[in-house]
*Asks:* 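Have a look at this one before I ask anything.
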Amino acid sequence: MNIFVGSLPWSIEEADLRESFEVYGSVSSVKIITDKFTGRSKGFGFVEMESDEEAEKAIAELNGATVEGRTIVVNKSEPKPEGERRSFSNNRSGGGYNGGGNSRGGGSYNDRNSGDGNRGRY
């Protein structure tokens, strides 16, 4: 079972996290997520345990525990559905320069027929 561990102290190491979970059973892997530019922990990680029963016990015991003064969050990690990825182009209006309120040569194709450079643009 894959387990999410959040609100981790910045100073915690993967070996420390592994030790905390090995009390409850066999740990397959531990990964603390780090910033790709600074290498600093992002404050969360994942622990994979071989036995679901041992993992459930670890979750029950460690969720809400205090580690180095921080209350950690521990729960079963659910994979993100493929359609859930964010797109930065969704729900955004095109925006852009509108020529200003009184620019005579504001780029509108209708400038010679209008007095303010904004007419006929939309």
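Here the structure is a predicted model, which is why all the values come from computation and not from measurement.
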*Asks:* Write down the atom of G6, the atom of F44, and the distance for their closest heavy-atom approach.
*Replies:* CA-CB, 4.0 Å

*Asks:* Quick check for you: to the nearest 0.5 Å, what is the distance between N2 atom CG and D52 atom CG?
*Replies:* 11.0 Å

*Asks:* Flag the pair Y24 / L62 as yes when at least one side-chain heavy-atom distance between them is below 4.5 Å, and no otherwise.
*Replies:* yes

*Asks:* For residues M1 and E50, determine if any side-chain heavy atom of one lies less than 4.5 Å from a side-chain heavy atom of the other.
*Replies:* no

*Asks:* Run the numbers on I3 and S77 for side-chain contact (heavy atoms from CB on, under 4.5 Å), then give the verdict.
*Replies:* CA-CA 5 Å; I3 302 167; S77 175; 5.8 Å; no

*Asks:* Go through it in stages, so that I can follow the logic: the residues are E14 and K31, the test is side-chain contact (heavy atoms from CB on, under 4.5 Å), and I'd like the CA-CA distance, side-chain angles, deciding distance and then a yes or no.
*Replies:* CA-CA 6 Å; E14 287 180 356; K31 178 68 178 161; 3.7 Å; yes

*Asks:* What closest approach, in Å, do M49 and F21 show between heavy atoms, and which atom pair accounts for it?
*Replies:* CE-O, 3.8 Å

*Asks:* Take L8 and V67 through the side-chain contact (heavy atoms from CB on, under 4.5 Å) test and state the conclusion after the steps.
*Replies:* CA-CA 7 Å; L8 290 171; V67 177; 5.7 Å; no

*Asks:* With rounding to the nearest 0.5 Å, note down the distance linking CH2 in W10 to CD1 in I32.
*Replies:* 11.5 Å

*Asks:* Give a yes or no on this: more than 12 heavy atoms of other residues, nucleotides or ligands lie within 6.0 Å of atom CD of E13.
*Replies:* no

*Asks:* What distance do S7 atom OG and N63 atom CG have between them, rounded to the nearest 0.5 Å?
*Replies:* 10.0 Å

*Asks:* To the nearest 0.5 Å, what is the distance between CD on E48 and OG on S26?
*Replies:* 10.5 Å

*Asks:* Flag yes if F4 and I33 sit in one hydrophobic cluster, no otherwise; membership is Ile, Leu, Val, Met, Phe, Trp, Tyr, and two members link when side-chain heavy atoms are under 4.5 Å apart.
*Replies:* yes

*Asks:* Apply side-chain contact (heavy atoms from CB on, under 4.5 Å) to residues V5 and V73 and explain how you reach the verdict.
*Replies:* CA-CA 6 Å; V5 186; V73 175; over 6 Å; no

*Asks:* On a heavy-atom basis, which atom in V27 and which in E22 lie closest, and how many Å separate them?
*Replies:* CG2-CG, 3.6 Å

*Asks:* Taking atom CD of E54 and atom CD1 of I59, what is their separation to the nearest 0.5 Å?
*Replies:* 12.0 Å

*Asks:* Distance only, no hydrogens: is a donor on one side chain within 3.5 Å (strictly under) of an acceptor on the other, for S11 and E68?
*Replies:* yes

*Asks:* Which heavy-atom pair separates P9 from R70 by the least distance, and what is that distance?
*Replies:* CA-CD, 3.6 Å

*Asks:* Pick out which of K42, K36, R40 makes a side-chain contact (heavy atoms from CB on, under 4.5 Å) with T38.
*Replies:* R40

*Asks:* Nearest 0.5 angstrom please: R18 CZ to S28 OG, how far?
*Replies:* 8.0 Å

